[in-house]
Amino acid sequence: MTTETRPPEAADSTGRGVHSPGRAAIAQRHLRLDRWWLPQVMTAAGLLLFIGYSTWRAFFGLHTSYAAPYVSPFYSPCLAANCPKMDGGADWALFGGWWSLSPALIVLIFPLGFRLTCYYYRKAYYRSFWSSPPACAVAEPHAKYSGETRFPLILQNIHRYFFYVAIPVAGILTWDAILGFRDPQGHWGHMGLGTLVLLVNVSLIWAYTASCHSCRHIVGGRLRHFSKHPVRYRMWTWVSKLNARHMQLAWASLFSVGLADLYVYLLASGAFSDPRFF
Amino acid sequence: MSYEATFRVWRGDAEGGELTDFQVEVNDGEVVLDVVHRIQATQAPDLAVRWNCKAGKCGSCSAEINGRPRLMCMTRMSTLPPGETVTITPMRTFPVLRDLVTDVGFNYQKAREIPAFIPPQGVKPGEYRMQQEDVNRSQEFRKCIECFLCQDTCHVVRDHEENKPAFAGPRFLMRMAELDMHPLDAAGDQGLDRKATAQEEHGLGYCNITKCCTEVCPEGIKITDNALIPLKERAVDRKYDPLVWLGSKISRRR
Ligand code: SF4
Ligand code: SF4
Ligand code: FES
Ligand code: FES
């Protein structure tokens, strides 16, 4: 395809972005007719809902965080000494007795950091909270933009370290779900609705974690010659399949973790009792 | 069956211009480019529009239809809201030449700035041998028809003219990813680290992975997931992974 090339116009303070000199003179900042704002609003609503709920639970949920044999995923592992006694659970008072705030605040930093630096959530909040961009081909309101080139956003590059931490965290939640195969007195071989809730939640957490872009890179994406690493290539292919669903898994696991916590909360506050299957 | 539609087409040049209304006939099965051609044939013979293949393969007919970057020849009239005015403008990220034609020279400039494939030592052309699984990833990127719709929609340059010198844009960052994944590229032997230069010289960090390039690509290339994010991860390997960094310090020759 042919074109002419002209020297770049000197930047002019009268117009920026789509109104820069030399570009087609169109007054509107965008000409989209569809409801381009809808995904942005829905994303913001979903994220705010979760932020509000989890903040309330993390600060004030300690006494409703355990309903034998189930522990809320927000409170596991417990690294402070002020947790309710969890029979067989991840109750390690590494922080000792001086920590008097909610123990959830210590451990939630890791999943929070994991999700905050996640490539999908970055897209979600850059678009919905920061309008950068609000939607495709809709002009953003900011005069300057440096993206992830400098502090603080350059720190998004540490995502993979949160991924490394996310694996043991998911492991502990798996153990919590296994502990759910007991009755409230601690005898094995039982199951209730709560067991199912925890199992579904931990499966979604694993699927979300395994579908991470950093995971995809580490298992095989960094290689140049797949043909020389057949096992890693196979693993990369699996992770790539999951990775294509990363957005859906991000939302599904976000809701499931909230629902699992809500379920424990309802049991612990005596709203109803856990239906037992056997 | 045919009907009358209202088309609002931007007409003008770098000095200025405006949206001009046309009443024009539309027939079943037509695409937007057919209707633009009818406007040209019947009402505005001097309407400037760039096109070649009418098959979504040459990448010439890029424009913005109802505010969305698209190929005019691949946008069926039946997919647009019936009865509503169809607005067509040139791409709004590049300097306009006339009417729907823009100067996409920015992209050629960026293409030249990416160091080309470096052939491996001791292997003559014609002797290149590669395994299919090693080129699968690059082959997705080779589907690119260079329509530059991704470059047009990317907010890094669309909304910030001043970022143009520093940012190669999705199409050319994808080219860097392609070369870095290429089984035979010998850039490393020549001391060229494509992972690090993507970030240091071609503006990879400007991309905030908001996926508009992927949304508009008419070839359906998963630019963000398969090229940009993997390239970011590769840059992390080089720059922020202490183990990899230490390894590269200890063994200077890779
Ligand atoms: S994902 Fe990156 S390159 Fe693609 S449009 Fe968004 S900011 Fe631009
Ligand atoms: S990557 Fe897609 S949108 Fe970008 S120039 Fe190539 S075909 Fe067009
Ligand atoms: S968890 Fe989303 S990319 Fe890693
Ligand atoms: S005319 Fe070739 S892509 Fe539209």
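Quick note on labels: first sequence line is chain A, next is B, and so on, each numbered from 1. Quick caveat, the model's predicted, so the values are computed rather than measured.
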Heavy-atom nearest pair, B:Glu84 first then A:Leu33, reads OE1-CD1, 3.9 Å

Beyond-backbone contact of A:Glu140 with B:His160, side-chain heavy atoms, under 4.5 angstrom: yes

Is any side-chain heavy atom of B:His155 closer than 4.5 Å to one of A:Ser131? no

Using every non-hydrogen atom in the two residues, find where A:Asn157 and B:Gln199 come nearest and quote the distance to one decimal. ND2-NE2, 3.9 Å

Quick check on B:Lys222 against chain A: is it the side chain, the backbone, both or neither that has a heavy atom closer than 4.5 Å? neither

If one checks every heavy atom of B:Pro90 against chain A at 4.5 Å, the contacting part turns out to be side chain

Distance only, no hydrogens: is a donor on one side chain within 3.5 Å (strictly under) of an acceptor on the other, for A:His217 and B:Asp237? yes

Any side-chain donor paired with an acceptor under 3.5 Å for B:Asn226 and A:Arg216? yes

Can you find a pair of side-chain heavy atoms, one from B:Trp10 and one from A:Leu31, that are under 4.5 Å apart? no

Between B:Phe94 and chain A, which part of the residue has a heavy atom less than 4.5 Å away: side chain, backbone, both or neither? backbone

Give, as side chain, backbone, both or neither, the part of B:Cys207 having an atom under 4.5 angstrom from any heavy atom of chain A. backbone

Side-chain contact, heavy-atom cut-off 4.5 Å: A:His19 with B:Arg92? yes

Counting heavy-atom pairs under 4.5 Å with chain A, the top scorer among B:Leu19, B:Val216, B:Asp180, B:Thr89 is B:Asp180

Note, A:Arg23 side chain near B:Thr102 side chain (heavy atom, < 4.5 Å): no

Top residue by heavy-atom pair count (under 4.5 Å) with chain A, among B:His182, B:Glu64, B:Glu18? B:His182

Nearest 0.5 Å, please: how far is CG in A:Leu223 from CD in B:Glu133? 12.0 Å

Atom CZ in A:Arg224, atom CG in B:Leu184: separation rounded to 0.5 Å? 9.0 Å

Any idea which heavy atoms bring B:Thr153 and A:Ala137 closest together, and the distance? OG1-N, 3.8 Å

Between A:Ala124 and chain B, with a heavy-atom cut-off of 4.5 Å, which part of the residue counts as in contact: side chain, backbone, both or neither? neither

Proximal component of B:Asn208, with respect to chain A [non-hydrogen, under 4.5 Å]: both

Between A:Ser227 and B:Asp134, what is the shortest heavy-atom contact and its length? OG-OD2, 2.6 Å

Can you give me the closest heavy-atom contact between B:Glu161 and A:Ser20, atom names plus distance? CB-OG, 3.4 Å

Go through the atoms of B:Thr85 and report whether side chain, backbone, both or neither lie under 4.5 Å from a heavy atom of chain A. backbone

Based on non-hydrogen pairs under 4.5 Å, which of A:His225, A:His142, A:Arg150, A:Arg29 is most in contact with chain B? A:His225

Looking only at B:Arg158, B:Met181, B:Gln131, most heavy-atom pairs under 4.5 Å shared with chain A are made by B:Arg158

Using non-hydrogen atoms only, which part of A:Thr237 is less than 4.5 Å away from chain B: side chain, backbone, both, or neither? neither

Sort A:Trp130 into side chain, backbone, both or neither according to what part of it lies under 4.5 angstrom from a heavy atom of chain B. neither

Do any pairs count as a side chain to side chain donor-acceptor pair (under 3.5 Å) and have a residue in residues 106-125 of chain A, sequence neighbours left out, and if so which ones? A:Arg115-A:Tyr121, A:Arg115-A:Ser253, A:Thr117-A:His159, A:Tyr119-B:Glu233, A:Tyr120-A:Trp251, A:Arg122-A:Glu148, A:Tyr125-A:Gln156

Looking at B:Val135, B:Asp185, B:Asp152, B:Asp99, which has the largest count of heavy-atom pairs under 4.5 Å with chain A? B:Asp185

Name the option with the most non-hydrogen atom pairs under 4.5 Å to chain B; the candidates are A:Asp34, A:Ile218, A:Val138, A:Thr149. A:Thr149

Over all heavy atoms of both residues, which pair between B:Thr210 and A:Pro133 is shortest? Give the atoms and the distance, please. OG1-CD, 3.5 Å

